[in-house]
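These notes concern the structure reproduced below.
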Amino acid sequence: MSTPSQGFIESSEVKLEETKRTARILNIVLMVATSPRRYLRRDLAERFEVSERMIDKDLEIIRHGLRLQMYRERSGYFFEQIPDLPTLKLGFTEALALLTAVQSAQKVSGIGSPELAAAVARLESLFPDEYLTMLRQLAKPVPMTDQRQHRQSMLAVLGRAHLEGRKLWIRYETASRGGNINERIVHPYALVPYVRSWQLVAYCEKRCDVVMFKVDRIHEARILDANYTIPADFDFDKYMGNAWGMMRAGDLPVETVILKFTSEAGRWVAEEDWHNSQQIEHMEDGSLLFQVRIPITPEFVNWVLYYGPKVEVLEPAHLRETVREGHRQAYVLYAKEW
């Protein structure tokens, strides 16, 4: 006789398997839609680590449950036609929020496609004419420079490899060693936008470790006919640790940092969530005390230097000295006669 707790565990396991299967079916649809005639039944079974019989059942759900007409040739499965989604009714505030989000995506460096532009046009068509001038002012086109075009093409390849679980060959320019360019085989784990660029988190076969690559330094990328699986215990937040920004701290210790901002700079700093450990205290004279517990990386030092005379490092002493030296070097540079 099973106990209530055993029944709960069994029920949870069933729900987990149902969730995994739903995710697998949606992934199959996406993979076949983006790469027609690329995957056979055995390829899908290897990709998702299930039996070919299970894949057959998934394909039946796609054909009869989702009513997507999937066909098969010797090279793989394909859809003859992907149906359009039914018309979606949106309230005014919902449509405005969605339009603003899509317009913001257009401005993220590296995101840009005919489909995104078409989505903006359709959303704009929902609004009365008197709103259009104002809405279009919010989404001025971003010039497509060579760098942005390269970044966009790289993101398309990296995103597809990540989606399909396929290894990548890349030619990468390192930041150190004089910008040496070398070849690597990587397994994409995550694509993350940061400041004006993107970072690829991937397992590097050359380094035998999970490494972060700046997308702008990837000169070439080619998807390989080899699959990989992201380890079940990989967690992006744990990988980053208590890092400030996107620079991992390695073996640097976590320290308590206390900064004192002027009232002017303090207003800007207090408006943002910079780190999950931050604590803010408004002082009677209008200044602001800002405290975080982080490993002190060069990225964080540069952030402090950015505020110049509007911030004072109170703790720790070695950070105070580092910032002081940075300002001293700047003074020496600008004290030179032209």
Q.
Can you confirm whether K214 sits close enough to E173 that some side-chain heavy atom of one is under 4.5 Å from a side-chain heavy atom of the other?
A. no

Q. Between D58 and I25, is there a donor-acceptor pair closer than 3.5 Å when you use the side chain of the first and the backbone of the second?
A. no

Q. Would you find a donor on one side and an acceptor on the other, under 3.5 Å apart, between the side chain of N302 and the backbone of E299?
A. no

Q. In the single-linkage hydrophobic clustering (I, L, V, M, F, W, Y; side-chain heavy atoms under 4.5 Å), do F79 and Y77 co-cluster?
A. yes

(Q) Within the 4.5 Å heavy-atom criterion, are V211 and V186 side-chain neighbours or not? (A) no

Q: Work out which heavy atom in A221 is nearest to a heavy atom in M154; give both atom names and the distance.
A: CB-SD, 4.0 Å

Q) Can T322 and V313 be said to form a side chain to side chain contact (heavy atoms under 4.5 Å, CB included), step by step? A) CA-CA 10 Å; T322 299; V313 178; over 6 Å; no

Q) Mind checking whether V157 and L168 have side chains closer than 4.5 Å, heavy atoms only? A) yes

Q: Look up atom CD in E52 and atom CZ in R41, then write down how far apart they are to the nearest 0.5 Å.
A: 4.5 Å

Q. How many angstroms lie between atom NE2 of H150 and atom CD1 of I218, to the nearest 0.5 angstrom?
A. 7.5 Å

Q: Take R320 and E312, measure what salt bridge (charged side-chain N to carboxylate O under 4.0 Å, His left out) needs, and give me the verdict at the end.
A: CA-CA 8 Å; R320 183 181 179 92; E312 178 185 3; 3.1 Å; yes

**Q.** N/O donor-acceptor pair under 3.5 Å between R47 side chain and E164 backbone
**A.** yes

Q.
How long is the straight-line distance from SG of C204 back to CD1 of I185, given to the nearest 0.5 Å?
A. 9.0 Å

Q: Decide side chain to side chain contact (heavy atoms under 4.5 Å, CB included) for E220 and W169; before the verdict, give the C-alpha distance in whole Å, the side-chain angles of both, and the deciding distance to 0.1 Å.
A: CA-CA 8 Å; E220 294 180 60; W169 169 88; 3.9 Å; yes

Q. How long is the span from the CZ atom in R217 to the CD1 atom in I181, to the nearest 0.5 Å?
A. 11.5 Å

Q.
If you define the side chain from C-beta out and look only at heavy atoms, does anything of Y203 sit under 4.5 Å from P188?
A. no

Q: Take V323 and V311 through the side chain to side chain contact (heavy atoms under 4.5 Å, CB included) test and state the conclusion after the steps.
A: CA-CA 10 Å; V323 173; V311 62; over 6 Å; no

Q.
With a 3.5 Å distance limit and no angle check, can you tell me whether R63 reaches the backbone of M70 through a side-chain donor-acceptor pair?
A. yes

Q: Taking all non-hydrogen atoms of both residues into account, name the closest pair between E49 and T229 and its distance.
A: OE2-OG1, 3.4 Å

Q: Could you tell me whether the side chain of W198 and the main chain of L191 form a donor-acceptor pair under 3.5 Å?
A: no

Q: Decide whether M54 and I62 are clustered together by the hydrophobic rule: side chain heavy atoms of Ile, Leu, Val, Met, Phe, Trp, Tyr closer than 4.5 Å, transitively.
A: yes

Q) What is the distance from atom CZ of R21 to atom CZ of F48, rounded to the nearest 0.5 Å? A) 12.5 Å

Q: Work out which heavy atom in P231 is nearest to a heavy atom in Y189; give both atom names and the distance.
A: CD-OH, 3.0 Å

**Q.** K57 with E60: basic N within carboxylate O range, under 4.0 Å
**A.** no

Q. Cluster question for you: counting only ILVMFWY and a side-chain heavy-atom cut-off of under 4.5 Å, with indirect links fine, are L314 and M283 together?
A. yes

Q: Give the intermediate values and the outcome of ring pair (Phe, Tyr, Trp, His ring centres under 6.0 Å) for residues F290 and W303.
A: CA-CA 13 Å; F290 179 85; W303 182 76; 5.8 Å; yes

Q) Can you hop from V254 to Y239 via hydrophobic side chains spaced under 4.5 Å? A) no

Q) Okay, side chain of R166, backbone of L224: is any donor-acceptor separation there less than 3.5 Å? A) yes

Q.
Do V29 and V50 land in one hydrophobic cluster if side-chain heavy atoms of ILVMFWY residues count as linked below 4.5 Å?
A. yes

Q | Check: I230 and Y228 side chains under 4.5 Å, non-hydrogen atoms | A | yes

Q: Write down the atom of R38, the atom of S35, and the distance for their closest heavy-atom approach.
A: CB-O, 3.1 Å

Q) If you measure from CZ on R67 to CD1 on I61, what distance do you get to the nearest 0.5 Å? A) 14.0 Å

Q: Would you check, one step at a time, whether the test side chain to side chain contact (heavy atoms under 4.5 Å, CB included) holds for R24 with I28?
A: CA-CA 6 Å; R24 183 174 67 244; I28 291 173; 4.2 Å; yes

Q. Nearest heavy-atom pair of E205 and K167: which atoms, and what distance?
A. OE2-NZ, 3.0 Å

Q.
Taking CD in E80 as the centre, count heavy atoms belonging to other residues, nucleotides or ligands within less than 6.0 Å. Is the count above 12?
A. no

Q. Is there a side-chain contact between L44 and M31, using heavy atoms and a 4.5 Å cut-off?
A. yes

Q. Any side-chain heavy atom of I280 sitting closer than 4.5 Å to one from Q278?
A. yes

Q) Should the ring pair Y172 and F213 be called parallel, tilted or perpendicular, given that the plane angle runs from 0 to 90° and is split at 30 and 60? A) perpendicular

Q | Minimum-distance pair of heavy atoms, taken over all atoms of R72 and F78 | A | N-CE2, 4.1 Å

Q | Side-chain heavy atoms of L319 within contact of F300, under 4.5 Å | A | yes

